[in-house]
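So the structure is just underneath, and the comments pick up after that.
Basis for what follows: all heavy atoms, side chains included, without hydrogens, waters or symmetry-related copies.
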Amino acid sequence: MERRERRAVAVERLDGVTRERFLRDIYPRRKPVVLTGLELGTCTTKWTIDYLSQAEGSKEVKIHVSAVPQMDFLSKNFVYRTLPFDAFVRRAAEVKHKEYFLTEDEKYYLRSVGDDVRKDIADIRKQFPILAEDVRIPEYFEKEQFFSSVFRISSAGLQLWTHYDVMDNFLIQVTGRKRVVLYSPRDAPYLYLSGTKSEVLDVDNPDMEKYPLFVKAKRYQCVLEAGDVLFIPALWFHNVISEEFGVALNVFWKHLPAESYDKTDTYGNKDPMAASRAIQILDRALKTLEELPEEYRDFYARRMVLRIQEKAYRNDYG
């Protein structure tokens, strides 16, 4: 099928935004914005393929390997493999591979994790301490709010599935170019969700017979060049396409009270505790409705929807 991009709203780009301006004028709007001209350290000039390979050497890393560009977390159309970091970097930068796991044009993706995935968060200072010295993270949040710093490397052409996170974050594009497509939390009804992820993989050419409501989702889009920082507010859906081999760093922070988050969450994508409890209560309520005949179930389910809209929906979206 010929590729076509659906019309999108361009994400605003702002240059040289100070911490004060960000917190006063931008952060309260709860919309994505690309910040340019920030001081990110020497990483934007130093992180060549040769430097990356030498800096962290042959330590082993667990990576995603996919035979196709569009990775699907729901169907798991990729495999996990382990490589020395220097070998991984060189492979990820290649288009065709002499050595490979699946196919000669397979795609690679590294998403750093803690030493114990079940207990530890990703922190570039711990997993990649030498590279961490080259990075200056914008201090637009308090130190005690810090949750994780996720180091990412992607092959050219790799596309990550559409998903949301429950914490605010900066996507810092250090090298290479990415195209990011975003959708507002209010468009969740049109994204065919399975947990935190959308079933719609191809956001440029969606299957409208299978996903007819997707056309109603308002699409936002930006292209991140080296040195750009994208602010992604919590609950905003995002789909990321690496147009070039590139290195990025995601920094997540807790903008809700610390006790709001699931203490077992090391990735920053488990729903807040209150939300999880509410969903469990709703599931029990729906189970209770099964005791009624179909006509009654339909009627009272509609009443429940109306009550939720009345009590919980916001009316001040722009």
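- Inter-residue side-chain proximity for Arg91 and Phe101 is flagged as met; some heavy-atom pair is nearer than 4.5 Å.
- For the pair Arg30 and Tyr27, the cation-pi test (distance below 6.0 Å, angle within 45°) is passed.
- Note on Asp228 versus Arg13: salt bridge recorded, some NZ/NE/NH1/NH2 to OD/OE distance being below 4.0 Å.
- Looking only at distances, no side-chain donor or acceptor of His238 sits under 3.5 Å from a matching main-chain atom of Val180.
- Under the 3.5 Å distance criterion, the side-chain polar atoms of Ser198 are matched with a main-chain donor or acceptor of Leu191.
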I'd like to know whether Phe252 forms a side chain to side chain contact (heavy atoms under 4.5 Å, CB included) with Tyr267, so could you lay out the CA-CA distance, the side-chain angles of the two residues, the decisive distance to 0.1 Å, and finally the verdict.
CA-CA 9 Å; Phe252 293 85; Tyr267 283 86; over 6 Å; no
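- Checking side-chain atoms of Gln145 against main-chain N and O of Lys254 turns up a donor-acceptor pair under 3.5 Å.
- The ring-ring contact (aromatic ring centres under 6.0 Å, His included) test applied to Tyr190 returns no partner, not counting sequence neighbours.
- For CD of Glu144, the number of neighbouring non-hydrogen atoms (other residues, nucleotides, ligands) closer than 6.0 Å is greater than 12.
- Side-chain contact, Asp72 with Asn77: no donor N or O sits under 3.5 Å from an acceptor N or O.
- Counting heavy-atom neighbours within 6.0 Å of Glu295 CD, excluding the residue itself, gives a total of 12 or less.
- The side chain to side chain contact (heavy atoms under 4.5 Å, CB included) test applied to Arg302 returns Asp298, not counting sequence neighbours.
- Using modelled atom types and a 3.5 Å distance limit, the side chains of Asp15 and Thr36 yield a donor-acceptor pair.
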Please report the C-alpha distance between Val229 and Leu40 in whole Å, then the side-chain angles of each, then the deciding distance to 0.1 Å, and finally whether the side chain to side chain contact (heavy atoms under 4.5 Å, CB included) criterion is met.
CA-CA 9 Å; Val229 177; Leu40 301 176; 4.0 Å; yes
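- Chaining together hydrophobic side chains whose heavy atoms lie under 4.5 Å apart places Leu160 alongside Met71, Phe73, Phe78, Tyr80, Tyr109, Leu158, Trp161, Leu201.
- Using modelled atom types, one side-chain atom of Arg297 and one backbone atom of Leu292 make a donor-acceptor pair closer than 3.5 Å.
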Start with the C-alpha gap between Arg177 and Val223, add the side-chain angles, then the distance that decides, and say whether side chain to side chain contact (heavy atoms under 4.5 Å, CB included) holds.
CA-CA 7 Å; Arg177 184 193 304 117; Val223 173; 3.4 Å; yes
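- Counting only distance, with no hydrogens or angles, the side chain of Gln221 and the backbone of Arg179 share no donor-acceptor pair below 3.5 Å.
- For Phe147 and Phe141, the ring centers are positioned 6.0 Å apart or more.
- Using a distance-only test at 3.5 Å, with no hydrogens or angles considered, no donor-acceptor pair links the side chain of Thr162 to the main chain of Asn239.
- The number of heavy-atom neighbours closer than 6.0 Å to CZ of Arg303, taken from other residues, nucleotides and ligands shown, is 12 or below.
- Put simply, the residue from Thr264, Asp265, Asp165 that forms a side chain to side chain donor-acceptor pair (under 3.5 Å) with Lys270 is Thr264.
- A salt bridge links Glu12 with Arg29: the distance from a Lys NZ or Arg NE/NH1/NH2 to an Asp or Glu carboxylate oxygen falls below 4.0 Å.
- When the options Ser184, Pro185, Pro32 are evaluated for a side-chain contact (heavy atoms from CB on, under 4.5 Å) with Pro233, the one that passes is Pro32.
- For the pair Ser66 (side chain) and Lys107 (backbone), a donor-acceptor distance under 3.5 Å is absent.
- Between the side chain of Gln127 and the backbone N or O of Ala122, no donor-acceptor pair lies under 3.5 Å.
- Asn169 contributes atom CG, which lies 10.5 Å from atom NE2 of His255 (distance to the nearest 0.5 angstrom).
- Ring geometry for Phe22 against Phe231 counts as perpendicular: the plane angle is over 60°, on a 0 to 90° scale with 30° as the lower cut.
- Side chain of Ser242 to main chain of Phe245: no donor-acceptor pair is present (N/O by atom type, distance under 3.5 Å, no hydrogens or angles).
- Lys126 pairs by the side chain to side chain contact (heavy atoms under 4.5 Å, CB included) definition with Asp123, not counting sequence neighbours.
- A salt bridge links Arg219 to Asp204: one of the charged nitrogens lies within less than 4.0 Å of a carboxylate oxygen.
- Qualifying side chain to side chain contact (heavy atoms under 4.5 Å, CB included) partners for Thr196, counting only residues two or more places apart in sequence or in other chains: Tyr164.
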Chi angles and distances behind the side chain to side chain contact (heavy atoms under 4.5 Å, CB included) call for Ile137, Leu249:
CA-CA 9 Å; Ile137 295 173; Leu249 183 68; 4.2 Å; yes
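- More than 12 heavy atoms of other shown residues, nucleotides or ligands fall within 6.0 angstrom of atom CD in Glu39.
- Surrounding NZ of Lys311 are at most 12 heavy atoms belonging to other residues, nucleotides or ligands under 6.0 Å away.
- In this structure Tyr211 satisfies the ring-ring contact (aromatic ring centres under 6.0 Å, His included) test together with Tyr192, sequence neighbours excluded.
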Give the intermediate values and the outcome of salt bridge (Lys or Arg N to Asp or Glu O under 4.0 Å) for residues Glu142 and Arg19.
CA-CA 11 Å; Glu142 300 299 328; Arg19 172 191 168 102; 2.7 Å; yes
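- Taking the centre of each ring, Phe128 and Trp47 stay at or above the 6.0 Å mark.
- Using modelled atom types, no side-chain atom of Ser148 and backbone atom of Ile121 make a donor-acceptor pair closer than 3.5 Å.
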